[in-house]
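Heads up: the structure comes next, in C-alpha cells.
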Amino acid sequence: MINETPPDITRSNLADVVLKLKAIGISNIVKFNFLTPPPSKHLCRTLEVLHALNAINDKAELTTVGFVLVEFPIDPMLTVCLLESEKYGCSEEILIIIAMLQVNNVFTKSQRGGKTVNKMKFKFAAQEGDTMMYLNVFKFFEENNKSRSICKEHLLNYDVLCQAANILNRLKSLYRRYGKALSSTDDDIDIRKCLLSGLFVNAAYYHHSGVYKTFRDDFNLSIHPSSVLVSERPKYVIFNEVLGSSQNYMKDITVIESEWLLEVASHYYVNKFVNS
C-alpha cells in the first residue's frame, strides 16, 4: 500500500527553509535540488508570503528584514509580530505568546479533586482566543513565583511552562541584541493587531455553510477541538497553524475584526473584498 502522507518538507511552512537557503546564497529556490522537492506551487506561495512580510524584494532577494528573520529560531511570521511589537507597545506580551506557541501540552491530562482540564481552561480563557489564554496562563505562572504546587492544583504542566520561560529568556536576549526596548500594555486590541501584523496570511472568516474560509484562497477550515473557541463562532480570526487529519483544523486562534485587515495588511488584502 502506498503511503499517502507527504514528507514533512512538503507539508510544513516552507518560509523558514527558503529564508535560510537564500541567506547562504541560493537564489533560484524553484530549481534547488531538494532531497524531497515540495510542489512548485507551494514554493511560489511561500515566496509570495515572504514578499508580503517584506523579507524579500521584487527580485526575490533578502531584504534587511529578511536577514533579521533568519536570525530568529522561530517561524518568520511570528518574528515579524515580534519586530512590530515595538510599534504597538506590547513586546512583553508578544514575547510571552510566542514562547508559549513553541511548547505543547500546557495543561495536564489528569484530574484533581473533580477538576478537569476544560474547567481549568475556562479559568484562564479569554473571548479573544487561545493566544490570549496562553498569555493569561503564563502571567499566572509568573505571579505565583513559578510554583510547582500551584501548577499541579490548576492542572498546569509545570515542566512545559518552565520550558516556555527558558524560551522567553532566550528570545528576550535576541530581541534586545537588535536594540529593541521592552514595552508592555493591557490593551488586548494592540496585542491582537500586532499578532495580525505577522499572521495576516492566516486570516479566516466564518462562512454561512458552517465552516471557516481563508480570505485569500477560500480554503475550508474548522476550529480545533482543543481551542477555547471551539463552542464559539467568532466572525473573523487568525491562526498560528493548521493540523490536518480527516479535516483541517485551525490551532492557536486569535479573534480579530475585519477592518483590521486593511488597516494592518492593506498591501496583502487591498485587492480582496473584505466584508465589514
Side-chain angles (χ1 to χ4, degrees), residues 12-23 29 45-58 60-102 129-132 134-135 167-168 170-185 188-204 214-216 236-242 250-256 260-270 272:
S12 63
N13 185 342
L14 284 168
D16 188 52
V17 175
V18 171
L19 282 176
K20 285 181 168 54
L21 287 174
K22 285 192 168 292
I29 301 297
R45 170 70 166 165
T46 297
L47 291 170
E48 179 190 1
V49 170
L50 289 174
H51 186 268
L53 292 171
N54 194 31
I56 58 175
N57 59 25
D58 292 341
E61 301 166 333
L62 281 184
T63 62
T64 301
V65 171
F67 279 107
V68 173
L69 300 189
V70 173
E71 295 297 317
F72 280 81
I74 54 177
D75 187 293
M77 290 192 289
L78 293 178
T79 304
V80 170
C81 295
L82 182 53
L83 297 178
E84 288 293 306
S85 66
E86 186 175 39
K87 169 185 173 182
Y88 291 96
C90 59
S91 57
E92 291 271 15
E93 289 74 23
I94 294 299
L95 279 161
I96 290 173
I97 290 170
I98 291 175
M100 291 288 279
L101 290 174
Q102 308 312 303
D130 301 310
T131 51
M132 301 305 292
Y134 297 148
L135 180 61
I167 294 171
L168 174 61
R170 294 201 298 272
L171 288 176
K172 277 186 179 180
S173 296
L174 193 53
Y175 183 71
R176 289 195 184 102
R177 189 187 303 172
Y178 284 91
K180 302 289 187 180
L182 294 175
S183 56
S184 182
T185 183
D188 69 86
I189 291 179
D190 283 338
I191 297 170
R192 289 185 287 146
K193 282 185 177 180
C194 185
L195 289 170
L196 176 60
S197 70
L199 294 170
F200 56 85
V201 174
N202 295 345
T214 55
F215 275 95
R216 279 288 292 253
Y236 310 103
V237 299
I238 51 175
F239 53 90
N240 180 51
E241 64 176 326
V242 172
M250 298 180 289
K251 200 168 182 294
D252 308 324
I253 300 170
T254 305
V255 177
I256 63 167
W260 295 356
L261 292 171
L262 293 179
E263 176 186 339
V264 175
S266 60
H267 62 293
Y268 193 71
Y269 287 106
V270 70
K272 176 72 176 179

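Every value quoted in this text rests on a predicted model; they were computed, and no experiment measured them.
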Charged N to carboxylate O below 4.0 Å: is that the case for E71 and R177? no

Please confirm whether F72 and Y178 have ring centers closer than 6.0 angstrom. yes

Which value, rounded to the nearest 0.5 Å, describes the distance between E86 atom CD and C194 atom SG? 10.5 Å

Any salt bridge (Lys or Arg N to Asp or Glu O under 4.0 Å) pairs touching residues 46-55, not counting sequence neighbours? R45-E48, E48-R216

Find the distance between CD1 (I253) and CD (E241) and round it off to the nearest 0.5 Å. 11.0 Å

Answer with yes or no after comparing the ring centroid distance for H267 and F200 against a 6.0 Å cut-off, counting only values under it. yes

Rounded at 0.5 Å granularity, tell me how far NZ in K22 sits from CD1 in I29. 4.5 Å

How far does OG1 of T131 sit from CD1 of I238, to the nearest 0.5 angstrom? 7.0 Å

Going by distance alone, is a donor N or O of one side chain under 3.5 Å from an acceptor N or O of the other, for S184 and E93? yes

Could you measure the distance from the CG atom of D190 to the CD1 atom of I94? Nearest 0.5 Å is fine. 10.0 Å

Sort out for me which residue in L199, D75, L53 forms a side-chain contact (heavy atoms from CB on, under 4.5 Å) with V80. L53

Distance (rounded to the nearest 0.5 Å) between Y88 OH and S197 OG: 5.5 Å

For R192 and T254 the tightest heavy-atom approach is CG-CG2, 3.5 Å

Side chains of N57 and H51: is there a donor and an acceptor less than 3.5 Å apart? no

